[in-house]
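Okay, structure first, notes after.
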Amino acid sequence: MTTLGELFDVAGVRLRTAAATAFTDAEPVGRRSVRELDRFLGDLHSNLAGPDGTAASPSAADLVLNLKWAREALRTADRLLPVEGNLGAGHEQLAGAGQAVAAVRDLVESHRGPDGAPVTAYAYTLSTRTAHDYLAQRSAELAWEAGQVAHALTQDVADPGVVAALEDARGFLAKASVLGRAETREADQGVAAMPLALPVEPVQASSADATSAVTARLGEDCDRLSRVAFETLHDRSEHRLSGSDLQQLSRWTAMARLLSGRVLLRVAEQSHDAPATEALQGAAEALRGSAKAWQEAAAAWHRVVDVSDPRAHPKLPPPSYEIVRLGQVVKLPSVMPHPATIIAHTSVVRVGQLLYGAQWRPEQKPGEARPPQAILDDAREVGGIAASLYRLPATGWQMATAAPVMVRRSQAGLVTDSIDHRPRELDPRMRFYPVRPRQLEELNGAYRKVLMSEQAAAAALLEVAKAAGTPVPRALLDLSAHRLLSERGGWAQQGSRPAARQPREAVRHAEPPVRRPRGRSL
């Protein structure tokens, strides 16, 4: 998937190619090239300016002002140029650069909903000063490249007025570049790994998928689950996670961690470097610990039923003859599973495809694992495998952060038939009764363990990548997002605060109080 940094890189390459064409053969330059450059600067200006046209951050103030003056100089050159003229090949490259810069704006806006409220944890990162500094810094680099294009446009131009206007534009762009870079020395380089915010819509794995594409698609699954976690934390989705969803998701997540550990152990079989082998085995052990924590979290739901979605419930006895005769048999409601459970299942399939081949499915026996070299080739060697699998615990951290919030919202509809917690005064004919505070604490405690184990697994995988000399820029982005997520909406928060559009303000988590039922039967 294309990231924010890659879009800036594409725009820079396009501008350098445009400048190299010089735009002229034997004829004077035409208006189209000048207008394409002006349009490009307009897109660049839009990325940095607020609704009123002024800079959205102080670090971009000088940059935005000089971009404005450069555009005015280009419009002067446009008025002085003849209508017809040589278009050259450069205008196509300028149009491509403009498309890449416009895609930067689309990528940034994808992390917010139509109302401007964040829809992912990374929207918090985008709201920081250092993130704005990164956007300004990369835009300043493009301003310099655009200045070189403006200079190339002056070649073989006879009209001194056009030359002067283009040189003025070049001067303003050079100044914008210098001032923009000077004001953004503390830019957060982790923002370069910012991906497009994907909708929470499962993309099923197929046996026809190429194993070389598994890691990229696994990363997209993680982005979707990350968005689910954020929407759960801030109650941004109409389709909420239920207890049944969370139980099933925990089971699939545990299986994904187990398979990931086996991938690392399979790769370690071919390693002849003792420290590298030890690092792979240590990361596999950390993933097994994470799998165990997720399985314990799923087991904590064993005697707890969410009445809003009772798909997962203890085995019920058949209705008695008397109940059937009186027509009091009640059929349990059928509820569509949350897309997150399907995405979690798909993640398991993808890791299994990497380990066992594209035909593998969780329902069948594992069979023989693929040769270690085939796995290494598909995942870009050891460092690439570690960087790709790192995304699983990094996303699991967010899911474990959101789970207790979901439990707290749903507790009025949670019932249990646990004998260990059964109140003495309860009517013995009532098999189910409201879940007890100690059970809620057990659920929350299970996800606290998941939180710690996922952090340990992510750190171990980053160590493997570091030892292999593979950078993981996404880790810097996740570090910033996780920190801001904890500060602004962590799972330990108990109070209720007003929702706000500004990401710097806390978002409400608590639900209105609901009277708890005394007891109910499923």
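Just so you know, these numbers use all the heavy atoms, side chains as well, and skip hydrogens, waters and symmetry mates.
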Heavy-atom nearest pair, Leu63 first then Ala136, reads CD2-O, 3.5 Å

Can Lys466 and Glu463 be counted as an ion pair, charged N to O under 4.0 angstrom?
no

To the nearest 0.5 Å, atom CD of Gln373 lies from atom CG of Asp378 at 10.0 Å

Examine distances only and state if a side-chain atom of Ser110 and a backbone atom of Ala197 form a donor-acceptor pair shorter than 3.5 Å. yes

Quiz prompt | Pair Gln189, Gln137: side-chain N/O donor-acceptor within cut-off below 3.5 Å | solution = yes

Evaluate the side-chain proximity of Ser139 to Val104: yes if any heavy-atom separation is below 4.5 Å, no if none is. no

Distance-only polar pair, side chains of Thr401 and Tyr447, donor-acceptor under 3.5 Å:
no

In terms of heavy-atom contacts, His239 and Pro339 come closest through ND1-CD, 3.8 Å

Check: Is it true that Arg224 and Asp221 have a side-chain N and a carboxylate O under 4.0 angstrom from each other?
Finding: yes

Checklist line | Side-chain touch Thr128/Leu484, heavy atoms, less than 4.5 angstrom | finding: yes

### Message
Checking Tyr122 against Ser480 for the side chain to side chain donor-acceptor pair (under 3.5 Å) test, could you report, in this order, the C-alpha distance in whole Å, the side-chain angles of both residues, the deciding distance, and whether it holds?
### Response
CA-CA 8 Å; Tyr122 304 111; Ser480 176; over 6 Å; no

inquiry  = If we ignore hydrogens and angles and just use 3.5 Å, is the side chain of His132 paired with the main-chain N or O of Leu126 as donor and acceptor?
reply    = yes

The residue among Asp209, Val203, Val349 that forms side chain to side chain contact (heavy atoms under 4.5 Å, CB included) with Arg217 is Asp209

message = So that I can tick it off, tell me whether Asp133 and Arg129 are bridged by a salt bridge, with the cut-off set at under 4.0 angstrom between side-chain N and carboxylate O.
response = yes

Applied to residues 377-409, the ring-ring contact (aromatic ring centres under 6.0 Å, His included) test, sequence neighbours excluded, yields Trp397-His482

Shortest non-hydrogen pair, Ser177 vs Ala140, comes out as OG-O, 3.0 Å

query = Going through the distances and angles, do Asp478 and Arg474 end up as a salt bridge (charged side-chain N to carboxylate O under 4.0 Å, His left out)?
reply = CA-CA 6 Å; Asp478 288 335; Arg474 183 59 180 261; 3.4 Å; yes

In short, Ala446 meets Ala297 closest at the heavy-atom pair CB-CA, 3.7 Å

Between Ala291 and Leu258 the two heavy atoms that sit nearest each other are CB-CG, 3.6 Å

ask   = Between Arg240 and Asp235, is a side chain to side chain contact (heavy atoms under 4.5 Å, CB included) present by the stated rule, with each step listed?
value = CA-CA 8 Å; Arg240 292 181 176 179; Asp235 203 13; 2.8 Å; yes

Closest non-hydrogen atoms of Thr346 and Ala205, given as atom of the first, atom of the second and distance, are CG2-N, 3.7 Å

Glu109 side chain to Gly116 backbone, donor-acceptor under 3.5 Å | no

- Determine whether Leu392 and Glu454 make a side-chain contact, defined as any pair of heavy atoms from C-beta on separated by less than 4.5 Å. no

Q. Would you call Trp144 and Leu15 a side-chain contact if the rule is heavy atoms closer than 4.5 Å?
A. no

Before you tell me yes or no, could you show the steps for Asp78 and Arg75 under salt bridge (charged side-chain N to carboxylate O under 4.0 Å, His left out), namely the whole-Å CA-CA distance, both residues' side-chain angles and the distance that decides it to 0.1 Å? CA-CA 5 Å; Asp78 181 38; Arg75 289 167 185 169; over 6 Å; no

Should Glu72 and Thr76 count as side-chain neighbours, where that means a heavy-atom distance under 4.5 Å?
no

Original post:
Hey, does Trp69 have a side-chain heavy atom less than 4.5 Å from the side chain of Asp168?
Top reply: no

Start with the C-alpha distance between Met406 and Leu246, add both sets of side-chain angles, then the distance that settles side chain to side chain contact (heavy atoms under 4.5 Å, CB included), and finish with yes or no. CA-CA 9 Å; Met406 171 261 151; Leu246 201 54; 3.5 Å; yes

Got Thr3 and Leu7 here, is their nearest side-chain heavy-atom distance under 4.5 Å? no

Residues at least two apart in sequence or cross-chain that pass salt bridge (Lys or Arg N to Asp or Glu O under 4.0 Å) with Arg391, listed by chain then number, are Asp223

Is the side chain of Ser226 donor-acceptor paired with the backbone N or O of Cys222 at a distance under 3.5 Å, no angle test? no

Under-4.0 Å salt bridge between Asp9 and Arg138 | yes

Open item on the list: I want to check something: taking the side chain as every heavy atom from C-beta on, are Arg380 and Ser388 in contact at a cut-off of under 4.5 Å?
Closed with: yes

Checking Thr253, Leu249, Thr232 against Met399 for side chain to side chain contact (heavy atoms under 4.5 Å, CB included), the one that qualifies is Leu249

